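Every chain is numbered from 1, with letters handed out A, B, ... down the list of sequences. Quick caveat: nothing in here was measured; it's all calculated off a predicted structure.
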Number of protein chains: 2
Amino acid sequence: MERAQSDNRPIGIFDSGVGGLTVAREIMRQLPQEQLVYFGDTARLPYGNKSQDNIIRFSRQIIRFLKTQNVKAIVIACNTASALALPTVAGEEKIPVLGVIAAGARAAIRETRNQKIGVIGTEATIQSQTYGKAIRALCPQAEVTGVACPLFVPLVEEGFAEHAITEEVIDIYLNGMRQSRMDTLILGCTHYPLLRKKIAEYFGEGVHIVNPAYEAAMDLKAVLEKEGLCSRLGQKKAEDLFYVSDAAEKFTKLASFILPYDVEKTKEIRIEEY
Amino acid sequence: MERAQSDNRPIGIFDSGVGGLTVAREIMRQLPQEQLVYFGDTARLPYGNKSQDNIIRFSRQIIRFLKTQNVKAIVIACNTASALALPTVAGEEKIPVLGVIAAGARAAIRETRNQKIGVIGTEATIQSQTYGKAIRALCPQAEVTGVACPLFVPLVEEGFAEHAITEEVIDIYLNGMRQSRMDTLILGCTHYPLLRKKIAEYFGEGVHIVNPAYEAAMDLKAVLEKEGLCSRLGQKKAEDLFYVSDAAEKFTKLASFILPYDVEKTKEIRIEEY
């Protein structure tokens, strides 16, 4: 029998900031043999209230940068960029480019009993209705309700994730949703898993919370296997690499909280030159 | 007697977004004969949690852009850029480049009776201690206390300026300051004047609130007069021009709320190409 192909090149992954590390963490868990090259666009974050034109332009620059790192596949960890840029940029590349939205939609369909699904995300993600389209493509009778929660990201970034004020903001944004008959809620922004406990408490046991990161890592695994792009199993992989467009030290500190190991060094690059 | 010199070139003014329009409005009021060219860096906002290196780089790009518009002077309306970039960039230019911090410091010194002054602003502005240095240069015995209020900008941007939640956040950030004997508070971020009423209510009548915009416009007037750069009085000026790096339409709508007239058109440019 012929031995399966293997490919030890790294996987590129990007986000507007640190949030995408929740996706990187899941990839590390499910694909421990793969090397990652992570880019966080900290000079231009947040993406959630910016225009589609610029999100596409930013994503193209980042993809060009990641390709200089010889990546074999790219994961857009950011929901906003997955919603607004993936449909355009994926078709421009020879290597696989995956987002998180199809993954989140599939997980939600699997979990729901009554086909009533909620999605929370940034203004841009919700306005694009990308989750709704992805869900209804899989399950035409699904009812999808989206609510933008623009204060969630600053609340997390500014250290209010555990604060009572965050419970009040959750109530302001999600009160209507709680009164609906929805039984499944997609956390459609990489920051929101950091509010998962409070959101789950708010909705109670009747609502299943979906974090697309887990399913996105499974998607990546399936694509790598199908395309013969997996690294050789058991082989010790090269070190993961971390790049940002601003404030590398701050990123390094935050990254060490989210990832299962301490990040030693993050390198700052000028992303607009790519 | 010789007639005073006059110079009908426009004045450049920039900010990370719409906030600087509160400064532009004050310049329009005090210098109605001057044409303004405004730039809002909406693709890269906010500035308040980004590094000094990048704030300097962004400011240099914007100054290069404004110079293509043939400006005779530049006002950095953004407190963060005034704190982090002005000391570096002002020395690089032949035309006057003014910030808002010296102006705010001077106004605070004039108002205080007990030389105990508070400053609120972004993380970057407060960490730089630029207000403290500017105040103590004028009044060495002044006691300056700074508090970063990073949630204020998103609260304003997301339409919570009038919401009860904002009162709670004000209390979280400023409770310690209220218990001090400070009698003067500088609003050290262009967004904060939009929370002025709530902040003033929180502190009560004993605390004088300083908005540096008024004094900054006076500074500009003095510099123009001294350098012989004023437009000819009474002459109808050319239309003000508005540029942003993202989402021109959204900016146009917000600008029309802040300025005394409706902005007709905002043009989007790629600022990183300058």
- Note on the structure: Bottom line for A:V169: the part with an atom under 4.5 Å from chain B's heavy atoms is both
- Item | Nearest-0.5 Å distance that lies between atom OG in B:S245 and atom NZ in A:K50 | 8.0 Å
- Note on the structure: Whatever's closer than 4.5 Å to a heavy atom in chain B on A:I172 counts as side chain
- Task: May I ask you to check whether over 12 heavy atoms, not counting those of A:E239, lie within 6.0 Å of atom CD?
- Result: no
- Taking every heavy-atom pair that is under 4.5 Å apart, which of B:A247, B:P150, B:A148, B:A164 has the most such pairs with chain A? B:P150
- Can you tell which part of B:E158 gets under 4.5 Å to a heavy atom of chain A, answering side chain, backbone, both or neither? side chain
- Item | Pick from A:E123, A:R270, A:E273 with the largest number of heavy-atom pairs that fall under 4.5 Å of chain B | A:R270
- Task: Determine whether more than 12 heavy atoms belonging to other residues, nucleotides or ligands lie under 6.0 Å from atom CD of B:E92.
- Result: yes
- Message: So for A:F160, is it side chain, backbone, both, or neither that comes closer than 4.5 Å to the heavy atoms of chain B?
- Response: side chain
- Message: Quick check on A:N49 against chain B: is it the side chain, the backbone, both or neither that has a heavy atom closer than 4.5 Å?
- Response: both
- Who among B:E168, B:K250, B:H163, B:E268 has the most heavy-atom pairs with chain A under 4.5 Å? B:E168
- Message: Does any backbone or side-chain atom of A:E249 lie under 4.5 Å from a heavy atom of chain B? Answer side chain, backbone, both or neither.
- Response: neither
- Query: Take atom NZ in B:K267; do more than 12 heavy atoms of anything else shown fall under 6.0 Å from it?
  - Reply: no
- Task: Below 4.5 Å from any heavy atom of chain A, which atoms of B:F58 appear? Answer side chain, backbone, both or neither.
- Result: side chain
- Message: Is it the case that over 12 heavy atoms from other parts of the model lie below 6.0 angstrom from the NZ atom of B:K197?
- Response: no
- Item | Spacing of OG1 belonging to B:T42 relative to CG belonging to A:N54, to within rounding of 0.5 Å | 7.5 Å
- Spatial distance of atom CG (A:L151) from atom CG (B:L155) [nearest 0.5 Å]: 5.5 Å
- Item | Test item: B:D246 side-chain N/O and A:S51 main-chain N/O as donor-acceptor pair under 3.5 Å | yes
- Answer yes when B:R57 and A:E272 have at least one side-chain N-carboxylate O distance shorter than 4.0 Å, and no when they do not. yes
